[in-house]
Novice: 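Please find one structure pasted underneath; my questions will follow.
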Amino acid sequence: MSYTHLLRHQNVVDDCQRVSCNRGPGCALSGRCVISRDIVLGCEMELSDPDLPYMLEPTWSVYLRSGPDGGDLSKFVQRVSFRMSPKLPLRLHVADTAPFEISEVLGSDFPVEVQVQYIDARMTPTTYIFRPRAVREGHGGQREEMHDKMIFVNPSPAMRLNLQPLPVPGAMGVAGDVGASKMGLTATLGRDDDFGGGEEEREEVGDSPRRSEHAVSSEF
């Protein structure tokens, strides 16, 4: 994901803050790095207790999980706070260990504000608003999920290492492993995934000096 495409995922209309910036000292703009990770916000109706009366309102579990890129949230997420509907300002649940989910959420508690804090305290928190349609429309016995992104600007070297996605077994040979070790966290430059025809976006570094090197080598 290039730095110029960052604002495409930063939509202030839906009250979500998807971008986490490194506020540490000495964070220069030159050679800036942008890494994105896919996440899933979801809710699922919990099984009712057969010993309780049927007229009681059903409860839901709300969770934050990793997306299709296979990253491990526990490597870089410290805690996830679930704040219930603005009508209930004092209802706050915190999950500080994986899996990051809470239970016994009533239908009247939605929407839920989900704030994510990271292991690296220099990274600013990100915030998401989860408004499941199934709960609003009164549907029961089902699950609803919303796919979103976490975007990191200039993460520290340790944070970049933790943000690496899980390797796919058998996807790379010996030559691929050597190439990956040389490239590190820098994705192939010059490829634009927005127009299709390529692998799913994993990790891209925008506005880095390697872009000029690539342009010089392509001329020959």
Side-chain angles (χ1 to χ4, degrees), residues 1 9 14-24 33-47 49 58-85 88 90-107 109-132 134-135 141-169 171 180 184-185 200-204:
M1 176 179 299
H9 299 280
D14 59 7
D15 300 323
C16 294
Q17 172 62 37
R18 300 174 176 86
V19 180
S20 176
C21 298
N22 188 347
R23 297 302 185 186
C33 174
V34 179
I35 300 176
S36 67
R37 282 290 161 265
D38 295 328
I39 59 171
V40 176
L41 288 167
C43 67
E44 184 176 11
M45 178 173 284
E46 298 175 326
L47 296 177
D49 191 338
T59 59
W60 299 75
S61 63
V62 182
Y63 53 84
L64 172 69
R65 297 174 182 172
S66 175
D69 62 359
D72 185 0
L73 292 182
S74 62
K75 288 185 177 181
F76 53 90
V77 173
Q78 183 179 32
R79 69 172 56 90
V80 179
S81 301
F82 300 86
R83 187 181 298 275
M84 301 297 103
S85 169
L88 304 168
L90 299 181
R91 281 205 66 180
L92 178 67
H93 299 271
V94 177
D96 52 7
T97 57
F100 299 103
E101 63 178 82
I102 59 174
S103 59
E104 299 183 357
V105 178
L106 297 175
D109 293 338
F110 292 92
V112 177
E113 177 184 314
V114 182
Q115 184 182 73
V116 185
Q117 294 176 284
Y118 300 100
I119 294 177
D120 189 345
R122 293 171 295 184
M123 303 302 298
T124 58
T126 54
T127 306
Y128 309 87
I129 304 296
F130 182 43
R131 301 181 178 90
V135 176
Q142 59 178 309
R143 173 191 300 178
E144 182 173 340
E145 293 184 337
M146 178 184 75
H147 293 260
D148 215 312
K149 285 183 177 292
M150 290 176 175
I151 303 173
F152 304 90
V153 178
N154 291 337
S156 63
M159 187 72 171
R160 298 183 195 183
L161 184 62
N162 293 334
L163 287 170
Q164 291 188 36
L166 296 176
V168 179
L185 293 175
E200 182 182 355
E201 181 181 38
R202 289 291 186 267
E203 183 175 297
E204 299 178 6

Novice: Is the number of heavy atoms from other residues, nucleotides or ligands under 6.0 Å of E46 CD greater than 12?
Specialist: yes
Novice: For residues 110-119, which side-chain donor-acceptor pairs fall under 3.5 Å, sequence neighbours excluded?
Specialist:
{"from": "Y118", "atom 1": "OH", "to": "T126", "atom 2": "OG1", "distance (Å)": "2.6"}

Novice: Measure the CD-CE distance between Q78 and M123 for me, rounded to the nearest 0.5 Å.
Specialist: 13.5 Å
Novice: Going through the checks in order, is the side chain to side chain contact (heavy atoms under 4.5 Å, CB included) test met by V153 and V19?
Specialist: CA-CA 7 Å; V153 178; V19 180; 3.8 Å; yes
Novice: Could you tell me if the side chain of M150 sits less than 4.5 Å from the side chain of L64, heavy atoms only?
Specialist: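 Sidechains of M150 and L64: in contact.
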Novice: Give, for atom CG of L106 and atom OG of S85, the distance between the pair rounded to the nearest 0.5 Å.
Specialist: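 So the CG of L106 and the OG of S85 are separated by 11.5 Å.
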Novice: Look up atom CG in D38 and atom OG in S66, then write down how far apart they are to the nearest 0.5 Å.
Specialist: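 Reported value, rounded in 0.5 Å steps: 7.5 Å.
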Novice: Quick one: pull up CE in M159 and CD in Q164 and give me the separation to the nearest 0.5 Å.
Specialist: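 Between M159 CE and Q164 CD, I get 12.5 Å after rounding to 0.5 Å.
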Novice: What are the two closest heavy atoms between P125 and Q17, and how far apart are they?
Specialist: O-CG, 4.2 Å
Novice: Which atoms form the tightest heavy-atom contact between T124 and C21, and what is the distance?
Specialist: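 Closest pair (atom of T124, atom of C21, distance): OG1-N, 2.9 Å.
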Novice: Counting C-beta onward and ignoring hydrogens, is there a side-chain heavy-atom pair between S61 and V105 closer than 4.5 Å?
Specialist: no
Novice: Quick check: closest heavy atoms across C43 and W60, and the distance to 0.1 Å?
Specialist: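 Answer, listing the atom of C43 first, then W60: SG-CE3, 3.9 Å.
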Novice: Does some side-chain heavy atom of R143 sit less than 4.5 Å from a side-chain heavy atom of Y63?
Specialist: yes
Novice: Could you check whether any side-chain heavy atom of F152 comes within less than 4.5 Å of a side-chain heavy atom of V34, counting everything from C-beta outward?
Specialist: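 No; the side chains remain at least 4.5 Å from each other.
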Novice: F130 versus M146: any side-chain heavy-atom pair under 4.5 Å?
Specialist: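 F130 vs M146: side chains touch.
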Novice: Less than 4.5 Å apart, side chain to side chain, heavy atoms only: is that true for R18 and D148?
Specialist: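 In contact.
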Novice: Working to the nearest 0.5 angstrom, can you tell me the gap between E144 CD and E44 CD?
Specialist: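 Interatomic distance, E144 CD to E44 CD, rounded to 0.5 Å: 12.0 Å.
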Novice: Assess the residue pair V94 and V80 against the criterion (side chain to side chain contact (heavy atoms under 4.5 Å, CB included)); give the C-alpha distance rounded to whole Å, side-chain angles, the decisive distance to 0.1 Å, and a yes or no.
Specialist: CA-CA 6 Å; V94 177; V80 179; over 6 Å; no
Novice: Which heavy-atom pair separates A95 from F100 by the least distance, and what is that distance?
Specialist: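 Nearest heavy atoms, A95 then F100: O-CD2, 3.5 Å.
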Novice: With heavy-atom distances below 4.5 Å as the criterion, would you say the side chains of N22 and P155 are in contact?
Specialist: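 A side-chain contact is absent here, since even the closest heavy-atom pair is not under 4.5 Å.
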Novice: Is the shortest side-chain heavy-atom distance between E101 and R65 below 4.5 Å?
Specialist: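 Yes, close enough: below the 4.5 Å cut-off.
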Novice: Apply the test side chain to side chain donor-acceptor pair (under 3.5 Å) to residues S156 and D120: give CA-CA distance (whole Å), side-chain angles for both, the deciding distance (0.1 Å), then the verdict.
Specialist: CA-CA 8 Å; S156 63; D120 189 345; 2.9 Å; yes
Novice: Is there a side chain to side chain contact (heavy atoms under 4.5 Å, CB included) between I151 and S20 once you walk through the steps?
Specialist: CA-CA 6 Å; I151 303 173; S20 176; over 6 Å; no
Novice: Hey, mind stepping through R91 and R83 against side chain to side chain contact (heavy atoms under 4.5 Å, CB included) and telling me if it holds?
Specialist: CA-CA 6 Å; R91 281 205 66 180; R83 187 181 298 275; over 6 Å; no
Novice: Could you tell me which residues satisfy side-chain hydrogen bond (donor to acceptor under 3.5 Å, both in side chains) with R131, sequence neighbours excluded, listed by chain and number?
Specialist: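 None.
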